[in-house]
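Letters A, B, ... mirror the listed sequences (proteins, then strands); counts begin at 1.
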2 protein chains.
Amino acid sequence: MAKVLAQAPARKGPQTAIRIREAALELFSRLGFERANMAQIAAEAGVSQATLHYHFEDKFQLWRAAMLQLRAVIGEEERLLEAAMDSPPEVQLRMAMRLFLQISWRHPALGRIVALEGMAGGERLEWLDAHLIGPRNRRLAELAKAAIDSGALKPFPAEMLIITLQSAAAGVINLAPMMKTSFDVDVSQAPARAAHEQLILDALLGGLLTDPSAMT
Amino acid sequence: MAKVLAQAPARKGPQTAIRIREAALELFSRLGFERANMAQIAAEAGVSQATLHYHFEDKFQLWRAAMLQLRAVIGEEERLLEAAMDSPPEVQLRMAMRLFLQISWRHPALGRIVALEGMAGGERLEWLDAHLIGPRNRRLAELAKAAIDSGALKPFPAEMLIITLQSAAAGVINLAPMMKTSFDVDVSQAPARAAHEQLILDALLGGLLTDPSAMT
DNA sequence: AGTATTTCTGACTTTGTAATCAGAAACTAA
DNA sequence: TTAGTTTCTGATTACAAAGTCAGAAATACT
């Protein structure tokens with residue numbers, strides 16, 4: 001008995017899809033596509049699992065909807081960069097690198113997802129390249145090339161700077177568990193953020209040695 | 001009919017466990033713990049899935065057995081470093097960093113696994129720290145601290161150098177799919193290896209600018 | 001009011017994967 | 001040869017996770 005009784009009711013408001021997207025971004029960025037499961041996302045959003053499939057056809061489409069929320073972040077970065085468009089390339093490059101690092105800190109989800117999917121390859125990476133990170137990567141490489149051509153930087157393959165920057169930005173966030181385990185140090189807080197930014201910018205653009213001539 | 005007929009026979013030789021370990025390392029490093037599945041590993045090793053469970057109790061223990069194969073790599077690194085034990089700390093540090101990068105290139109599995117598990121945290125990371133990477137990380141940090149104390153390096157949090165080095169080493173291997181997608185460049189080959197090693201060492205220890213005073 | 005539409009859900013199906021197990025084949029020792 | 005041990009396997013179980021669906025509840029429309 002009491003079988004067909006209380007079918008649970010509905011209408012969580014028009015915010016439902018938004019809450020789902022936000023919960024999805026949170027979990028996808030923290031756990032990655034496969035480890036984040038629909039049940040968790042549904043619970044986090046406060047809806048049933050079936051509701052996820054009502055608003056989004058399948059897991060991949062939900063993932064894309066979640067990722068699209070990051071477009072504003074990239075857009076903001078782009079806008080700030082345009083302000084420096086008339087500076088010499090090495091100044092623009094430095095600014096672009098600083099922005100890259102700052103945004104990685106402010107929105108750890110972006111760096112985590114790029115690292116996660118960038119390692120795996122596949123259709124999600126291709127989507128990210130087309131809709132999120134491709135233009136930014138290529139703009140950075142162009143800046144590096146221009147700075148090299150102008151003689152401000154030593155010649156080196158420009159893509160290597162991207163990969164180093166991306167690795168550094170993502171690594172400091174993503175490898176926080178390793179640093180905690182190996183050193184019992186929490187590198188995810190503000191002081192570490194400042195130290196890391198300075199290290200990367202100083203190192204990649206200034207040199208770490210107090211006397212660069214001392215060691216070839 | 002033909003039901004209890006040909007039960008398939010056995011004896012693949014004493015190499016079986018070794019082949020399984022090797023196949024497991026290959027797949028765990030390429031795909032990570034969860035995406036690599038027992039069926040694939042069994043197929044790669046040329047045995048049935050049940051044989052995996054005969055030699056190794058469960059997936060986690062197989063993973064640990066696979067990881068132990070990397071101990072020789074770390075051991076070799078350690079031995080090479082001891083040869084330079086009497087040099088000044090910044091020379092030792094430079095050598096340690098170069099070894100770190102070279103070994104990451106020669107054994108991509110190590111860097112991939114550290115990146116994969118270092119992002120996720122959990123019991124596998126703790127095992128890695130205890131049995132594989134912890135001592136190396138701490139030795140590097142000590143070297144950096146010594147070099148800073150001797151005045152050869154600008155002061156900075158030594159752990160940040162580890163995370164940057166680890167990120168760079170792992171990143172250039174792991175983010176190869178992203179570089180391929182964004183730039184259609186293959187960074188997993190020897191020429192890229194050399195360029196990257198030089199960039200990291202030059203940058204982190206020498207400075208990238210031709211004129212360091214030009215840009216504060 | 002009644003009817004249609006939208007939003008949501010519990011229950012179900014399907015699929016992929018780790019783990020178990022009884023027993024076959026090969027090897028060893030008597 | 002025969003009895004016992006080791007190595008290996010197909011078949012099965014157990015379980016987790018994505019995706020489907022009929023229908024309930026709220027809202028909108030007439």
Side-chain angles (χ1 to χ4, degrees), chain A residues 1-28 30-66 116 120 122-124, chain B residues 1-28 30-67 120 122-124:
Chain A
M1 55 216 66
K3 183 84 170 303
V4 205
L5 255 188
Q7 181 83 301
R11 281 307 147 86
K12 308 288 183 77
Q15 311 281 6
T16 306
I18 296 175
R19 282 212 322 283
I20 293 174
R21 270 199 296 270
E22 286 168 354
L25 180 58
E26 160 70 17
L27 282 161
F28 280 135
R30 202 166 66 214
L31 303 175
F33 183 81
E34 6 246 348
R35 297 208 309 161
N37 61 328
M38 301 295 267
Q40 281 174 292
I41 296 170
E44 178 92 7
V47 297
S48 80
Q49 199 174 333
T51 303
L52 264 50
H53 289 281
Y54 172 73
H55 288 283
F56 306 94
E57 197 177 339
D58 56 21
K59 197 182 180 185
F60 183 40
Q61 198 188 303
L62 173 56
W63 182 86
R64 281 178 294 183
L116 243 19
E123 62 177 350
R124 291 193 298 278
Chain B
M1 56 216 65
K3 182 84 169 306
V4 204
L5 256 188
Q7 182 83 300
R11 283 306 147 86
K12 308 287 182 79
Q15 310 282 6
T16 306
I18 296 175
R19 281 212 324 282
I20 292 174
R21 269 201 296 271
E22 287 168 353
L25 180 59
E26 160 69 18
L27 281 160
F28 280 136
R30 203 167 64 213
L31 302 175
F33 183 81
E34 6 246 351
R35 296 209 310 162
N37 60 336
M38 301 296 269
Q40 281 174 293
I41 295 170
E44 177 92 9
V47 297
S48 81
Q49 198 174 334
T51 303
L52 264 50
H53 288 281
Y54 172 74
H55 287 282
F56 306 94
E57 195 178 339
D58 57 20
K59 196 182 180 186
F60 183 39
Q61 197 187 303
L62 172 56
W63 181 86
R64 281 177 294 183
M67 292 308 113
E123 62 177 351
R124 291 193 298 278

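Distance OH (Tyr54(B)) to P (dT5(D)): 13 Å, rounded to an integer number of Å. Atom CD in Glu34(A) sits roughly 14 Å away from atom C1' in dT17(C) (whole-Å rounding). One atom, CZ of Phe33(B), and another, C1' of dT17(C), lie 12 Å apart when rounded to the nearest Å. In this structure, Gln15(B) atom CD and dA26(C) atom C1' are separated by 17 Å, rounded to whole Å. A straight line from CG of Leu52(B) to C1' of dG10(D) spans 15 Å, rounded to a whole angstrom. For the pair Arg19(A) CZ and dT7(C) P, the interatomic distance rounds to 14 Å; values are reported in whole Å. As rounded to whole Å, 21 Å separates atom P of dT12(D) from atom CE of Met38(B). Note: CZ (Arg35(A)) to C1' (dA16(D)) measures 15 Å, nearest angstrom.
Minimum atom distance to the side chain of Gln49(B) is reached by dA18(C), of the listed dA18(C), dT9(D), dA18(D). Each of dC8(D), dC21(D), dA18(C) was ranked by its minimum atom distance to the side chain of Ala50(A); first place goes to dC21(D).
With sequence neighbours excluded, the residues forming a side-chain contact (heavy atoms from CB on, under 4.5 Å) with Ala45(B) are Ile20(B), Ala23(B), Val47(B), listed by chain and number. Partners of Arg64(B) under the salt bridge (charged side-chain N to carboxylate O under 4.0 Å, His left out) rule, at least two apart in sequence or in another chain, do not exist in this structure. Applying the ring pair (Phe, Tyr, Trp, His ring centres under 6.0 Å) rule to Tyr54(B) yields no partners; only residues at least two apart in sequence or on another chain are considered. Residues that satisfy the side-chain contact (heavy atoms from CB on, under 4.5 Å) test with Ala36(B), not counting sequence neighbours, are Leu27(B), Phe28(B), Leu31(B). In this structure, the side-chain contact (heavy atoms from CB on, under 4.5 Å) partners of His53(B), at least two apart in sequence or on a different chain, are Met38(B). Applying the side-chain contact (heavy atoms from CB on, under 4.5 Å) criterion to Ala43(B), with sequence neighbours excluded, gives no partner residue. Shown here are the salt bridge (charged side-chain N to carboxylate O under 4.0 Å, His left out) partners of Arg35(B), two or more places apart in sequence or in another chain: Glu34(A).
Scanning all heavy atoms of the two residues, the minimum distance from Ala65(A) to Arg21(A) falls at O-CD, 3.4 Å. Here the closest heavy-atom approach between residue Phe60(B) and residue Arg124(B) is recorded as CE1-CG, 3.5 Å.
OP1 and OP2 of dC8(D) both lie 4.0 Å or more from every side-chain N or O belonging to Thr51(B). Within the structure, every side-chain polar atom (N or O) of His53(A) is placed at least 4.0 Å from both OP1 and OP2 of dT9(C).
No contact: Ala42(A) has no heavy atom under 4.0 Å from any strand.
If you check residues 56-63 of chain A against DNA chain D, the residues with a heavy atom closer than 4.0 Å are Asp58(A), Lys59(A), listed by number.
Between its two ends, the helix from dA1(C)-dT30(D) to dA30(C)-dT1(D) turns its axis by 10°, counting five pairs per end and rounding to 10 degrees.
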